[in-house]
Number of protein chains: 2
Amino acid sequence: MAESESGTVDLEIIVQGAQEGKKQELRLWLRMLSTTKLISQEIRRRLRNEFGATLPQFDLMAQLYREREGLRLGELSKRTMVTNGNVTGLVERLEIDGLVLRETPDGDRRVTVAKLTAKGEEHFGAMAAAHEAWLRELMADVDPAIIAELWKDIGAVKSSVNNHLSGAAFD
Amino acid sequence: MAESESGTVDLEIIVQGAQEGKKQELRLWLRMLSTTKLISQEIRRRLRNEFGATLPQFDLMAQLYREREGLRLGELSKRTMVTNGNVTGLVERLEIDGLVLRETPDGDRRVTVAKLTAKGEEHFGAMAAAHEAWLRELMADVDPAIIAELWKDIGAVKSSVNNHLSGAAFD
DNA sequence: TGCAAGTATTTGAAGTATAAAATTTAAATT
DNA sequence: AATTTAAATTTTATACTTCAAATACTTGCA
């Protein structure tokens with residue numbers, strides 16, 4: 001913050017800062033994107049090889065696991081950030097595998113509620129334990145303090161993004 | 001749950017630390033994933049509305065833009081983290097739109113090189129400028145120092161993940 | 001009562017994604 | 001030269017993705 005004294009040192013920093021600062025967000029985004037892709041691909045591969053499941057199916061089941069009474073498809077769509085039309089097919093396939101079941105409540109026949117079957121709960125339990133261990137393994141070289149800081153700072157990014165969206169959608 | 005009279009303080013901290021630390025990586029991953037999805041969806045929407053392009057197409061063109069002589073499809077696959085088979089269709093559609101062209105070099109007829117057409121370069125140039133501005137806008141509320149730190153720390157995560165992959169693939 | 005307006009889900013079309021098998025061409029062996 | 005091995009891409013099959021339009025049901029209100 002010292003612009004004082006002789007005054008030439010900071011000029012360099014300012015000039016450089018202006019150039020770099022311009023693309024800083026882009027660089028961060030590209031790195032976030034490639035890192036997320038990398039992890040996703042690895043998790044996807046392991047889910048497939050060890051449990052015969054896909055990542056979207058895992059995500060969907062994770063939501064149902066913590067709401068044992070089940071969830072409406074629309075609510076499932078919001079929580080998984082998957083479009084409505086997509087949830088339909090996802091639940092359909094899981095129902096065929098006997099992991100999820102659909103039912104229409106008496107009150108409102110427009111609604112479909114999806115919930116895990118006993119088989120689904122058991123299956124997901126095993127996957128969730130492995131999934132958590134995989135993440136610890138993949139991030140093993142990162143200092144826990146850094147992990148905590150990243151969690152906080154990415155939260156700030158998320159808030160900013162949420163404040164500048166063009167359409168709808170919130171967190 | 002105290003195990004001894006005198007030495008219980010640290011134990012609690014340790015136990016709690018172990019519990020929390022256990023899921024820290026999972027929490028970070030979930031936040032990274034949801035934030036990345038959020039930004040992707042917004043970028044996707046804007047690319048579609050303002051340029052009639054998709055995100056994968058944009059990514060692919062970005063690679064070709066910085067390699068004016070063109071790239072082999074295999075190389076394109078690595079750089080975009082998109083599978084081989086998928087690159088084929090992606091390039092095919094871009095060729096139909098006249099943004100990309102394919103050619104087979106004389107030396108090796110197994111190879112296909114894709115490069116941007118003049119129209120493709122012009123089109124991408126406009127998109128890239130907008131894209132960069134969008135990211136600055138979306139992250140506008142985040143302190144530049146935090147952006148820089150995130151870039152560095154996510155780099156550490158990426159390295160760790162690369163060191164613990166089960167199959168192949170590097171950065 | 002009756003129908004316009006709203007809500008919840010499904011369907012359809014085009015594109016993107018993966019893994020794995022198949023194809024084509026090149027290089028290395030024998 | 002014929003055979004094997006390897007490399008680069010395409011094809012195939014299935015799943016996931018989005019957006020937009022269609023369907024089915026509910027509600028509010030004249």
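Naming convention: chains lettered A, B, ... in sequence-line order (proteins, then strands); numbering from 1 in each chain.
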Legend entry - Same cluster (ILVMFWY, side-chain, under 4.5 Å), Val113(A) and Tyr65(A): no
Inset, instruction - Could you check whether Thr83(B) gets within reach of a base, just the sugar-phosphate, or nothing at all, counting any heavy atom under 4.0 Å? - result: base
Inset, instruction - For dA17(C), take OP1 and OP2 only and decide whether either is under 4.0 Å from a side-chain N or O of Arg48(A). - result: no
Inset, instruction - Would you indicate which nucleotide in dT17(D), dT18(D), dT9(C) comes nearest to any side-chain atom of Gln41(B)? - result: dT18(D)
Inset, instruction - Could you state the atom-to-atom distance from NZ of Lys37(B) to P of dT17(D) in whole Å? - result: 7 Å
Inset, instruction - Give one of base, sugar-phosphate or nothing for Gly74(B), where a contact means two heavy atoms less than 4.0 Å apart. - result: sugar-phosphate
Inset, instruction - Side-chain contact test, heavy atoms from C-beta onward, threshold under 4.5 Å: evaluate it for Leu64(A) versus Val100(A) and give yes or no. - result: yes
Inset, instruction - May I ask you to decide if the ring planes of Phe51(B) and His123(B) are parallel, tilted or perpendicular, using 30° and 60° as cut-offs? - result: perpendicular
Legend entry - Nearest-Å distance for atom pair CD/C1', residues Gln57(A) and dT14(D): 11 Å
Legend entry - Glu42(B) CD - dC19(D) P separation (whole Å): 11 Å
Inset, instruction - Using whole Å, report how far CG of Leu76(A) lies from P of dT9(C). - result: 10 Å
Legend entry - Distance-only donor-acceptor test (3.5 Å): side chain Arg110(A), base dT7(C): yes
Legend entry - Between dA8(C) (P) and Glu103(A) (CD): distance, integer Å: 18 Å
Legend entry - Glu67(A) and its salt bridge (charged side-chain N to carboxylate O under 4.0 Å, His left out) partner, picked from Arg79(A), Arg72(A), Lys115(A): Arg79(A)
Inset, instruction - Evaluate salt bridge (charged side-chain N to carboxylate O under 4.0 Å, His left out) for Lys119(B) paired with Glu122(B), printing each intermediate quantity in order. - result: CA-CA 5 Å; Lys119(B) 180 181 172 190; Glu122(B) 187 191 5; over 6 Å; no
Legend entry - Thr112(B), nearest nucleotide to its side chain (from dT9(C), dC25(D), dT10(D)): dT10(D)
Legend entry - Sugar-phosphate only, base, or nothing, as touched by Asn84(B) at under 4.0 Å among non-hydrogen atoms: base
Legend entry - Nucleotide dT7(C), atom C1' - distance to CD of Glu75(A) in whole Å: 14 Å
Legend entry - Along DNA chain D (nearest heavy atom to each residue), the more 5'-positioned of Glu92(B) and Arg72(B): Arg72(B)
Inset, instruction - Let me know, please, whether Asn49(A) or Thr88(A) comes out on the 5' side of the other along DNA chain C by nearest nucleotide. - result: Thr88(A)
Inset, instruction - Can you spot which of Met139(B), Arg136(B), Glu132(B) makes a side-chain contact (heavy atoms from CB on, under 4.5 Å) with Trp29(A)? - result: Met139(B)
Legend entry - Phosphate-side-chain proximity, Arg109(B) and dA26(C), N/O vs OP1/OP2 below 4.0 Å: yes
Inset, instruction - Please state how far atom CZ in Arg44(B) lies from atom C1' in dT17(D), giving the value in whole angstrom units. - result: 7 Å
Inset, instruction - Pick base, sugar-phosphate or nothing for Val87(A), based on heavy-atom distances below 4.0 Å to the nucleic acid. - result: nothing
Inset, instruction - Map Leu90(A) and Asp106(A) onto DNA chain D by nearest heavy atom, then report which one ends up closer to the 5' terminus. - result: Leu90(A)
Inset, instruction - Classify the nucleic acid contact of Leu55(B) as base, sugar-phosphate or nothing, counting any heavy atom under 4.0 Å across all strands shown. - result: nothing
Inset, instruction - Grab the CG-P distance between Asp59(B) and dT17(D) for me, whole Å please. - result: 17 Å
Inset, instruction - Name the nucleic acid region contacted by Asn86(A), choosing base, sugar-phosphate or nothing; use a 4.0 angstrom heavy-atom cut-off, strictly under. - result: base
Inset, instruction - Can you figure out which of dT9(C), dA26(C), dT9(D) approaches the side chain of Asp108(B) most closely? - result: dA26(C)
